[in-house]
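What's counted below: heavy atoms across the whole structure, side chains too, no hydrogens, waters or symmetry copies. Just so we're on the same page: letters track the sequence lines, and every chain starts at 1.
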Protein chains: 2
Amino acid sequence: MACRLSDIAQQVGVDVSTVSLVLNNKPLAQTFKPKTRQRIREVAKELGYQPNAAARALQTKRTGNIGFIISDTVHDVWVNTYFGKQLAGCEQQCRDRGYGLQISRYNLQNIDQFVFPKKVGQRAIDGLVLTGHIASAVLLRFAEFNIPCVSVGDDAEEHLKMAMVSGDVVSGLHEAVTYLAQLGHHRVSRVTHSNFRSQEVCDQVAQQLKQSAQTASCSMTNIHAHGETESQIAINILDQLAAIPAKDRPTALITYDKLCLALITEIERRGLAYPQDLNLISFPNSDLCLYARPALTAIDMDIEQMGSVATKLLIDHLENGKPLDSEQLRMSFPMELIVRDSCLPPQQKQPSPALSAVTPSLGEHS
Amino acid sequence: MACRLSDIAQQVGVDVSTVSLVLNNKPLAQTFKPKTRQRIREVAKELGYQPNAAARALQTKRTGNIGFIISDTVHDVWVNTYFGKQLAGCEQQCRDRGYGLQISRYNLQNIDQFVFPKKVGQRAIDGLVLTGHIASAVLLRFAEFNIPCVSVGDDAEEHLKMAMVSGDVVSGLHEAVTYLAQLGHHRVSRVTHSNFRSQEVCDQVAQQLKQSAQTASCSMTNIHAHGETESQIAINILDQLAAIPAKDRPTALITYDKLCLALITEIERRGLAYPQDLNLISFPNSDLCLYARPALTAIDMDIEQMGSVATKLLIDHLENGKPLDSEQLRMSFPMELIVRDSCLPPQQKQPSPALSAVTPSLGEHS
DNA sequence: TTGTAGGCGTTATCAT
DNA sequence: ATGATAACGCCTACAA
């Protein structure tokens, strides 16, 4: 089974170099006798020849591997369906193009001596798809290795001169807030789990809202939530909301699918009602939105496609030298609001006083 | 940045081989002058030396990569949290041990010319963690490559002489069925999505039930469900149930988390009540179980741990030659029933006639 | 139309 | 206590 170029050469009765040329479809091979070429191919297939990746990589300085890596600030990475979809798109693209895919996390808890995916330094990887939070310090390290990078999502510490494939978050949120405004909401909040772009995005949305006259009366703010599990985060959020005077309290929340579900559970556990007491919009959309009752209105985007496109960009660069960072390359994918039933006009008479009249119950959320 | 062994050798003023010996902590290096060793290490660190993976692999016939691969009979692999947890465990173990992790799917739709993960044939991988459905024909192909394999889960076509790390499904199900029997249920079904072991498992559980006298009155059967999405599968299942005469109809279902949620949604859409009209147990447990109301009773197992242990087994074999297939190595992880609120004593008087009295509504499940 | 030779960066087996 | 030297399997000028 261990079959080398030389095995084929020997069997056909030619030199290794001949076989190499032919099997790699080099222009030079065109000058060979068609018969030789065919014979070589035959024997190669017969013997089940597969080039030895290491030997080839050593020579060509190309491994045919790309890496998908993610900061371990993201909890539950490989179980998180958001990144799972990105990964799915990436893996598909890799497979289509004949690339191997290495996955890893990197530790940026303490950036100084952060654990770097080994294989990157060892040149076992041709290019990198980055996702999650993108810290500049880390990128710098990657740059030292001179390894092409593309990021999925634009959750970067600062504006970076690198290729990014992301959803048009601002438009997506704007659409959602506009929708809520039309329903009569005046205060909506977004629950964020990132420290990087959240405030900036919020400001941009606010600015866009100002420009669209009909919705000038609705504001968007950020809520920073804490907790290990979604259930805990939900408790924390509702506690935070309860602490806000009713007249200033957001009447609708935008956050991710699982947290929406956890919020609903917690809302009802407190004797409140969803969606009457708190409207929810899931961002991004997912199939879980259908399992809330009433089903969650959501901001939809094609995450898998984003992963795929980012990977395509990377491989295109690798193979055809298409520039990756020359003109701050960014691809923004459109988002679409999918209206389901999680939003109602706010209750004008009694602005959900219930929220505050709650025993602050923590912990026991079996 | 591109720093080789020879660069260090030159700078220190010794030979490459010396450097190699020292940096790899070979016993032979003990004979070197401590001063030389230290100097070499210093310069190596200074220059940021990282061994070239390809060159090393070419020489040692070890790539330091392991592969995690899964049949593409599994829909939505990388988004599926079940496999995500396995992957998480695997990735953690790989990282701890300094291994790279390649992921891929393989196509076994038509086994004859199935698409084989390229990198495996190219010897870019030292060992394989297999998961999903494990078809014998595929294993045979892997065997040709003489590559060590371990599987997570035991969903294999036949009993294979290979290392398998799986949950003790039979005991888990047995515990669940026993619990249901104690509540007064007589017929419980398991919704399966595999064609391999499902019937066998069912039979084994039945046998175990017979042996435990107090539950002899409860039976377990399989339901094979069809559909693309969970919503469709849920519809299909409820249709199947409705077609069964009430007296023979199962009163409790065991299936995976998302399908449970979809079933609840569909049950209520049909004007029925959960859990009154149909009890549910999630297998395996997941955080989604908490978002059903009432929360789903579930069969819990440490899936991440299974992925981790499988990978450990593999790496141990790779490094210490611990046998992998000698005596049909299997590790069975215990399962535990986590009782929440999705099961009630069945309604004796009116054996849910409602289920049949339903307009067979298909399709429109927005 | 094909063969020869050198090198990719390591490791391993000899010598010295 | 260290240095040469030969692989590992493949690619690519250049020579024939």
Spacing between A:Asp15 atom CG and C:dG6 atom P, to the nearest angstrom: 14 Å
Terminal axis angle for the helix from C:dT1-D:dA16 to C:dT16-D:dA1, five pairs an end, nearest 10 degrees: 50°
First-last contacting nucleotides on DNA chain D - partner chain A, under 4.0 angstrom, heavy atom: D:dG9 to D:dT12
Below 4.0 Å: OP1/OP2 of C:dC8 and any side-chain N or O of B:Asn52: no
Spacing of B:Asp7 atom CG relative to C:dC8 atom P, expressed in whole Å: 11 Å
Nearest-0.5 Å distance that lies between atom OG1 in A:Thr311 and atom CD in A:Gln93: 6.0 Å
Sidechain N-carboxylate O distance under 4.0 Å for B:Lys312, B:Asp96: no
Near-strand residues of residues 31-43 of chain A, defined as heavy-atom separation under 4.0 angstrom from DNA chain D: none
Whether A:Thr63 side chain and A:Ala124 backbone form a donor-acceptor pair below 3.5 Å: yes
Sugar-phosphate only, base, or nothing, as touched by A:Val14 at under 4.0 Å among non-hydrogen atoms: sugar-phosphate
Sugar-phosphate only, base, or nothing, as touched by B:Thr60 at under 4.0 Å among non-hydrogen atoms: sugar-phosphate
Spatial distance of atom OH (B:Tyr99) from atom CG (B:Asn65) [nearest 0.5 Å]: 9.5 Å
Parallel, tilted or perpendicular: ring planes of B:Tyr106 versus B:Phe142, cut at 30 and 60 degrees: perpendicular
Touch class at under 4.0 angstrom, heavy-atom based, for A:Leu5 against every strand present: sugar-phosphate
Atom-pair distance (CZ on A:Arg56; C1' on C:dG7), nearest Å: 17 Å
OP1 or OP2 of C:dA12 under 4.0 Å from side-chain N/O of B:Lys26: yes
N/O donor-acceptor pair under 3.5 Å between B:Glu157 side chain and B:Ser136 backbone: yes
CG on A:Leu5 to CZ on A:Arg56, rounded to 0.5 Å: 9.0 Å
Euclidean distance, atom CG of residue B:Leu23 to atom P of C:dT11 [Å, nearest integer]: 8 Å
Note, B:Val165 side chain near B:Leu313 side chain (heavy atom, < 4.5 Å): yes
Length of the CG-P vector between B:Leu21 and C:dC14, whole Å: 14 Å
Donor-acceptor pair, side chain of B:Asp126 and main chain of B:Gly64, under 3.5 angstrom: yes
Distance in angstrom units between B:Asn25 CG and C:dT11 C1', rounded: 15 Å
Atom-to-atom span, CG of B:Asn24 to C1' of C:dT13 - whole angstrom: 15 Å
Spacing of A:Ser151 atom OG and A:Ile69 atom CD1 [to the nearest 0.5 Å]: 11.5 Å
Distance in angstrom units between B:Gln59 CD and C:dT11 P, rounded: 8 Å
